[in-house]
J.: 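I have a structure I would like to understand better, so I am pasting it below and will then ask my questions one at a time.
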Amino acid sequence: MNFRGKEHLVWSLNNYLGLANHPEVREADAKGAEEFGLAYPMGARMMSGNSSHHEALEQELAEFTGFEDAFLLNYGYQGMVSIIDTLVDRNDVIVYDAESHACIIDGVRLHMGKRFVYQHNDIDSCRKQLERATKLVEQTGGAILVITEGVFGMSGAQGKLKELVDLKNEFKFRLLIDDAHGFGTMGKTGAGTHEEQDVIDGIDVYFGTFAKSMAGIGAFVASKQEIVNFLRYNMRSQTFAKALPMPMVIGLRKRLELLRNRPELREKLWQIATALQNGLRERGFDLGVTNTMVTPVFLKGELHEATAITMDLRENYGIFCSIVVYPVIPKGLMELRIIPTAAHSLEDVQRTLDAFSEVQEKLKSGYYKEAKAMPV
Ligand SMILES: Cc1ncc(COP(=O)(O)O)c(C=O)c1O
């Protein structure tokens, strides 16, 4: 990345498979724009905004992720808010993971019925909330929707999909998965975390975004045909909004084709992620509970030290990464959130490991507490 005129090694891009600058993707994006411009379609899908490309992409996504049908969403965030809003009514109860992404929280906020939150990835806690929810729906005549993520984007932990699906033996509920990070990266074919954990049949509604492994924009929801059709004609974020532009849809079809047919892209992502995580762990870094490619590096320190470290890395080592601090994580901790991609090299990994070791030493010595550590 070019930042203020200088080249930087960047670990902060949503580009897991390195598709952003893939020549075939660039060509497909450009051809789509050349043929249609950026204006088309000029209406919502239900009105004038449908096209054979939109429908084909939906079929391709459904086939790839293992569901009967899929529906395109203009944005992941709004899409998820609207999926939740559409699926439940005031008699239904939502049970959701405490560390859910903002789009899930905001979807839950729209819900007019009861909602119960369970402790993050804690199946016993989820069971307790399901007991409460079951009692409640016996009175209201509604149903229960459980929501979690396939891969939690901040910690890198996989959602416990297998255990949640097993709870269906004890309780009656439907399961909605936000697999923003898992789609394209997890599982034997990259279909997602449901494939990784071999629970495709237990997932009722699956959500993936194009903004991470596909380096595009937009998202999709996949499920049984009846449910997708219901969403297609009832989701407010889609019914009352212009459809995804033609060049994006055409470019997304190319991205999906590469994602499906070039397993070496996913293999490269995992090679980089494994080398990075092994190297960091060998050097004593705390990576928390990640069991995916998402690589959080937890350091002890205060907010101003976090700022100084990011600047030191950026200005003196040419490495750009994002830092997460309180209130997203507990006070006294900072998290350098690293996103490995197939576009990185093993040399990039080595350079980063060396820089992180030096920064760790400086942090321990109190260097970043001093104002002189601020390079700008
Ligand atoms: C778990 C999760 N869900 C949904 C989204 C929103 O996706 P989009 O960027 O496509 O709006 C994100 C992106 O940060 C995410 O991490």
Side-chain angles (χ1 to χ4, degrees), residues 11-17 19-20 57-58 61 65 70-87 94 96-110 117 120-121 145-161 164 175-186 192-194 196 203 205-222 231 235-238 241-245 248-249 251-252 255-256 259 289-296 321-324 328-329 335 337-341:
W11 290 103
S12 192
L13 298 180
N14 289 315
N15 183 28
Y16 283 129
L17 299 179
L19 288 175
L57 177 59
E58 288 174 341
L61 286 163
T65 52
F71 180 46
L72 298 182
L73 313 169
N74 292 358
Y75 291 100
Y77 169 87
Q78 282 101 319
M80 180 51 102
V81 170
S82 199
I83 291 168
I84 297 171
D85 178 48
T86 311
L87 287 178
I94 296 178
Y96 65 104
D97 189 286
E99 286 187 17
S100 293
H101 187 268
C103 64
I104 298 176
I105 304 291
D106 291 356
V108 170
R109 279 179 177 170
L110 283 183
V117 61
H120 173 53
N121 253 345
L145 180 67
V146 174
I147 313 174
T148 187
E149 293 182 34
V151 173
F152 287 85
M154 282 293 154
S155 69
Q158 285 182 53
K160 294 191 175 162
L161 307 189
L164 288 172
L175 185 54
L176 163 61
I177 302 298
D178 175 346
D179 207 17
H181 293 268
F183 168 68
T185 61
M186 303 293 291
T193 315
H194 59 317
E196 172 82 20
I203 309 300
V205 185
Y206 180 86
F207 162 96
T209 168
F210 303 137
K212 314 239 180 239
S213 62
M214 300 259 265
I217 198 147
F220 69 99
V221 57
L231 291 168
M235 277 186 68
R236 294 170 71 80
S237 71
Q238 293 307 126
K242 178 172 168 167
L244 274 177
M248 193 71 254
V249 175
L252 288 167
R255 287 163 172 76
L256 185 60
L259 196 155
V289 294
T290 184
N291 53 2
T292 63
M293 64 286 152
V294 176
T295 306
C321 35
S322 307
I323 196 139
V324 183
V328 180
I329 55 170
E335 174 190 334
R337 183 163 170 269
I338 303 182
I339 307 178
T341 78

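Note that the numbering runs from 1 along the sequence shown for the chain. Remember, it's 1-based here, ligands and their atoms both numbered in the order they're listed.
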J.: Looking only at atom types and distance, does a side-chain atom of D106 sit under 3.5 Å from a main-chain N or O of M80, one as donor and one as acceptor?
T.: no
J.: Heavy-atom contact under 4.0 Å between A219 and ligand 1?
T.: no
J.: Roughly how far, to the nearest 0.5 Å, is CZ of R255 from CG of L17?
T.: 11.5 Å
J.: Give me the residue, atom name and distance of the protein heavy atom closest to atom 5 (C) of ligand 1.
T.: H101 CE1, 3.6 Å
J.: Side chain or backbone of Q78 under 4.0 Å from ligand 1, or both, or neither, by non-hydrogen atoms?
T.: neither
J.: Which of the numbered atoms in ligand 1 are under 4.0 angstrom from any heavy atom belonging to H181?
T.: 16 (O)
J.: Given T148 and L161, is the side chain to side chain contact (heavy atoms under 4.5 Å, CB included) satisfied, shown in steps?
T.: CA-CA 8 Å; T148 187; L161 307 189; 3.8 Å; yes
J.: Quick one: which of A102, A180, C103 has a heavy atom closest to atom 2 (C) of ligand 1?
T.: A180
J.: Out of all atoms in ligand 1, which are within 4.0 Å of some heavy atom of K212? Include the element for each.
T.: 12 (C), 13 (C), 14 (O), 15 (C), 16 (O)
J.: Which ligand 1 atoms are under 4.0 Å away from a heavy-atom of E149?
T.: 1 (C)
J.: Any chance you could measure L72, atom CG, to Q238, atom CD, to the nearest 0.5 Å?
T.: 8.0 Å
J.: Of all heavy-atom pairs between L259 and M214, which one has the smallest distance, and what is that distance?
T.: CD1-SD, 3.7 Å
J.: Counting only N and O atoms by type, is there a donor-acceptor contact under 3.5 Å from the side chain of D97 to the main-chain atoms of N121?
T.: yes
J.: Please report which non-hydrogen protein atom sits nearest to atom 11 (O) of ligand 1, along with the residue it belongs to and the distance in Å to one decimal place.
T.: Y77 N, 2.8 Å
J.: Relative to each other, are the rings of F220 and F210 parallel, tilted or perpendicular (30° and 60° limits)?
T.: parallel
J.: To the nearest 0.5 Å, how far apart are NE2 in H181 and CZ in F152?
T.: 10.5 Å
J.: May I ask you to list the atoms of ligand 1 that are less than 4.0 angstrom from any heavy atom of A211?
T.: 9 (O), 10 (O)
J.: Could you name the option among N74, D178, T209 that has the heavy atom nearest to atom 10 (O) of ligand 1?
T.: T209
J.: For ligand 1 and G76, I'd like to know whether there is a polar contact (N/O to N/O, distance under 3.5 Å).
T.: yes
